[in-house]
Protein chains: 2
Amino acid sequence: MAELTKFWYLENFNLFRNLDNESMEELKRITSMQNISKNQPIYFPQEPSKSIYFLKKGRVKLTRMSPDGKEMILGLINKGEVFGEMSYLDEDERKEFATTLDEVLVCAINKDDFKQFVDHNPELNLRLTKLIGLKMRKYSERIEELVFKDAGQRVISFLLRLADENGKQIGDEIFVKPFLKHQDIAELTACSRQTVNSVLTDLREKGVINFDRKKLIIQNKEELKKRVG
Amino acid sequence: MAELTKFWYLENFNLFRNLDNESMEELKRITSMQNISKNQPIYFPQEPSKSIYFLKKGRVKLTRMSPDGKEMILGLINKGEVFGEMSYLDEDERKEFATTLDEVLVCAINKDDFKQFVDHNPELNLRLTKLIGLKMRKYSERIEELVFKDAGQRVISFLLRLADENGKQIGDEIFVKPFLKHQDIAELTACSRQTVNSVLTDLREKGVINFDRKKLIIQNKEELKKRVG
DNA sequence: TCTGTACTGTCATCATTAAGACAGAAATGC
DNA sequence: GCATTTCTGTCTTAATGATGACAGTACAGA
C-alpha cells in the first residue's frame, strides 16, 4: 500500500519524458534559463503570474506571510520539480514568495507559450493534471498533519520527509546536506524555533540523529518512525 | 483583487458548459444517478478509487481519520461540485470517507469512461486541471489558516465561508440553512467541540449571529470580518 | 584577521485550548 | 407518545507550546 502510493508519486516526476525531438526543440526555444544566487527572490506576492518554473539545480522555498508579518513556508522545491504552476491555470497574481535557498538554476516558460506547447503535445494534459493533483495530495497530507500531530511529531515527520526526498543512505545512516536552519523548519512545521531546537537536540542526545548547521544525519530512522506513529 | 480571485473561482464552476448535444448524450450514457439518504457513506478509505462524482443535490463531507481514531473533515461538497476526482489521476484507493449530510442526489462516472470522454472533448482538459488547481488553492488557504489563526478565528472564518457558499441574504441578515452540528464544525476547523460552542454562544450573546440546530443567521458580517483580520 | 551579524541552545513564564464531566434540551426510533 | 440516543451548553483542570530574554557559537564580509 505504501509502495503503491510511492509509485503514484514517482509517476509524476518527469513532465517531459518521451517527447519527440521536434517538441524538445520547441521547448528549448520557449524556455529561458536563469542562474540565481542564494537567498534571492524569484517572484513576490501580487506580482502578475505569468511563468511556470522548472528547477534544474538547487532548492527554492515558497512562503506566505500573514497580515501581521508572520511567515510560513508552504513548501520546498527540489531539483527536478515544478513551481509557479498556478499561472498555467490563469491565476492573476502570485500568492506567495518564491525564494532561493542555494545557488539555483531555473528554467522559466511563459504561460501562454506553455499553453500552446501543451496544445501541440496533448499527452502533457494528463501529466499536468497529475502534477497538480500530486501537489494537492501533499497539501492534504499537510493539513492532516497539522490537525492530528503535535509539534514534536510534525518536526519528526519533516525530518523523515527530508530523508526520503534529499537523503543519501551511507551504511546504515542517512545523510541530508545541505540542512535547513531551525527557523525555516519552524515555519514549515508550524511551531516555534525554540520547539524545533528542543526536539532536535533531544533526538541528538538520544543518538537518534546528529546535525550541525550544514547537515543532518539520521542514525535511527526506525526510532523516528516509531515516534510519529 | 478580491474580485479577481472570486472570478477565478467561479470560472471553474461548470465543467460541462457548452458541450454539444452529441457529447451530452454520451455523457448521459456513461453516468449513473443515485439517490442516497442522510448520513450514508458514498465511499470509504482503502476502497478502490474508480469513479468521479458530481453532486446534484444535498451536501457531502469528506473526512479523514487518524490512526488513533480522531476525525477531521477535509472539506464539504455542495450542490454543483465535484468530488472523488483523484480517481481520474489513477489514485489506486480512496484516502478518505465521503458521507452524505442530507438527502443527496449524486452522479457517478467510471474513471475510464470519463478519460475516454475527455479524449473526445479536449476542452475539458484545462477545465479539469483548473478544477483540481482550485481545490489545491483551497487546501493551501486552509493550511495558512491553521498556521496563522487561532481557534476562534478559524471558527469565524468558517462561518464567513459558509455565508459565501450557502448563505441567502434577506434584508441585512444572511441565512444559512441547514447548519452543521458543533462537532462537525470542530472537525472542520481543527478545534474542540467545546471551543466551537463557546465561540458561537459568545457571538450570539453579542448579537453578531444567531443560530439553533437547524440554521445560522449572520446579523453582522462586518463584525465577523473584523475579528479575523 | 578582526568584527558585526545571524544562528543555536536554554530557561522561565504565560496564554491558549484540549479534555473530562455532567445537566438539560432536542431529535429519533419504536 | 414514550424512551433512548444524540447534541448543546457550561465548568474546571491540565498540558502543550508560544514568547521573550540572553549567552555562546559560527559565519561572512571588510
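All values below come from the heavy atoms of this structure, side chains included, with hydrogens, waters and symmetry mates left out. What you are looking at is a predicted structure, and each value in this text was computed from that prediction instead of being measured. Proteins come first, then strands; the chains are lettered A, B, ... in the order of their sequence lines, and each starts at number 1.
In this structure, L159(B) CG and F179(B) CZ are separated by 6.0 Å, a value rounded to the nearest 0.5 Å.
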* Show your working on side chain to side chain contact (heavy atoms under 4.5 Å, CB included) between I132(A) and M136(B) and close with a plain yes or no. => CA-CA 8 Å; I132(A) 296 194; M136(B) 181 169 92; 4.0 Å; yes
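Across the protein-nucleic acid pair, N210(A) atom CG and dG9(C) atom P stand 10 Å apart, rounded to whole Å. One atom, CD of E187(B), and another, C1' of dA18(C), lie 14 Å apart when rounded to the nearest Å. In this entry the distance linking NZ of K149(B) with P of dT17(C) reads 14 Å, nearest Å. Rounded to whole Å, the distance from CG on L146(B) to P on dA18(D) is 14 Å. For D68(A) and dT19(D), the CG to P distance is 10 Å, given to the nearest whole Å. One atom, NE2 of H182(A), and another, C1' of dT19(D), lie 18 Å apart when rounded to the nearest Å. F211(A) places its CZ atom 15 Å from the P atom of dC7(C), with the value rounded to the nearest Å. Here dT8(C) presents its C1' atom at 16 Å from CG of L216(A), a figure rounded to the nearest Å.
Here salt bridge (charged side-chain N to carboxylate O under 4.0 Å, His left out) pairs that include residues 183-193 of chain A, with residues two or more places apart or in two chains, are K61(A)-D184(A). Pairs engaging residues 146-178 of chain A under the ring-ring contact (aromatic ring centres under 6.0 Å, His included) rule: none recorded [sequence neighbours left out].
Judged as a salt bridge (charged side-chain N to carboxylate O under 4.0 Å, His left out), and not counting sequence neighbours, K181(B) has no contacts. Every side chain to side chain donor-acceptor pair (under 3.5 Å) that D202(A) has, sequence neighbours left out, goes to K206(A). Legend: residues meeting salt bridge (charged side-chain N to carboxylate O under 4.0 Å, His left out) with K149(B), ordered by chain and number and at least two apart, are E145(B). Remark: E223(B) engages K226(B), R227(B) in a salt bridge (charged side-chain N to carboxylate O under 4.0 Å, His left out) (not counting sequence neighbours). Partners of D212(A) by salt bridge (charged side-chain N to carboxylate O under 4.0 Å, His left out), not counting sequence neighbours, listed by chain and number: K215(A).
Each end of the helix from dT1(C)-dA30(D) to dC30(C)-dG1(D) yields a helix axis from five base pairs, and these two axes differ in direction by 60° (to the nearest 10 degrees).
The listed nucleotides are dG9(D), dA18(C), dT8(C); the one nearest the side chain of K181(A) is dT8(C). Here the side chain of Q194(B) is nearest to one of dG9(D), dA18(C), dT10(D), namely dT10(D).
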* Which nucleotides of nucleotides 22-30 of chain C have their base under 4.0 Å from a protein heavy atom (B), which only their sugar-phosphate (S), and which neither (-), written as one string 5' to 3'? -> ---BSS---
Exercise answer: donor-acceptor pairs, residues 48-56 of chain A side-chain atoms, under 3.5 Å, sequence neighbours excluded:
from, atom 1, to, atom 2, distance (Å)
S49(A), OG, E91(A), OE1, 2.7
S49(A), OG, R94(A), NH1, 3.2

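Two rings, from F114(A) and Y88(A), have their centers less than 6.0 Å apart.
Under a 4.0 Å N-O distance rule, the pair K130(A)/D90(B) qualifies as a salt bridge. Between K38(B) and E103(B) there is no salt bridge, since none of the side-chain N atoms of the basic residue sits less than 4.0 Å from a carboxylate O of the acidic one.
Residues from residues 199-207 of chain A with heavy atoms under 4.0 angstrom of DNA chain C, sorted by number: T201(A), R204(A). Contact check of residues 152-162 of chain B against DNA chain C (heavy atom, cut-off under 4.0 Å) returns no residues at all.
When heavy atoms are screened at a 4.0 angstrom cut-off, T195(A) is found touching the sugar-phosphate backbone but no base atom. Looking at heavy-atom distances under 4.0 Å, D150(B) makes contact with sugar-phosphate atoms alone, never a base. The residue A186(B) sits apart from the nucleic acid: no heavy atom pair falls under 4.0 Å.
For dT8(C), the OP1/OP2 oxygens have no side-chain nitrogen or oxygen of N197(A) closer than 4.0 Å.
For the residue pair T195(A)/S192(A), the side-chain donor-acceptor check at 3.5 Å is satisfied.
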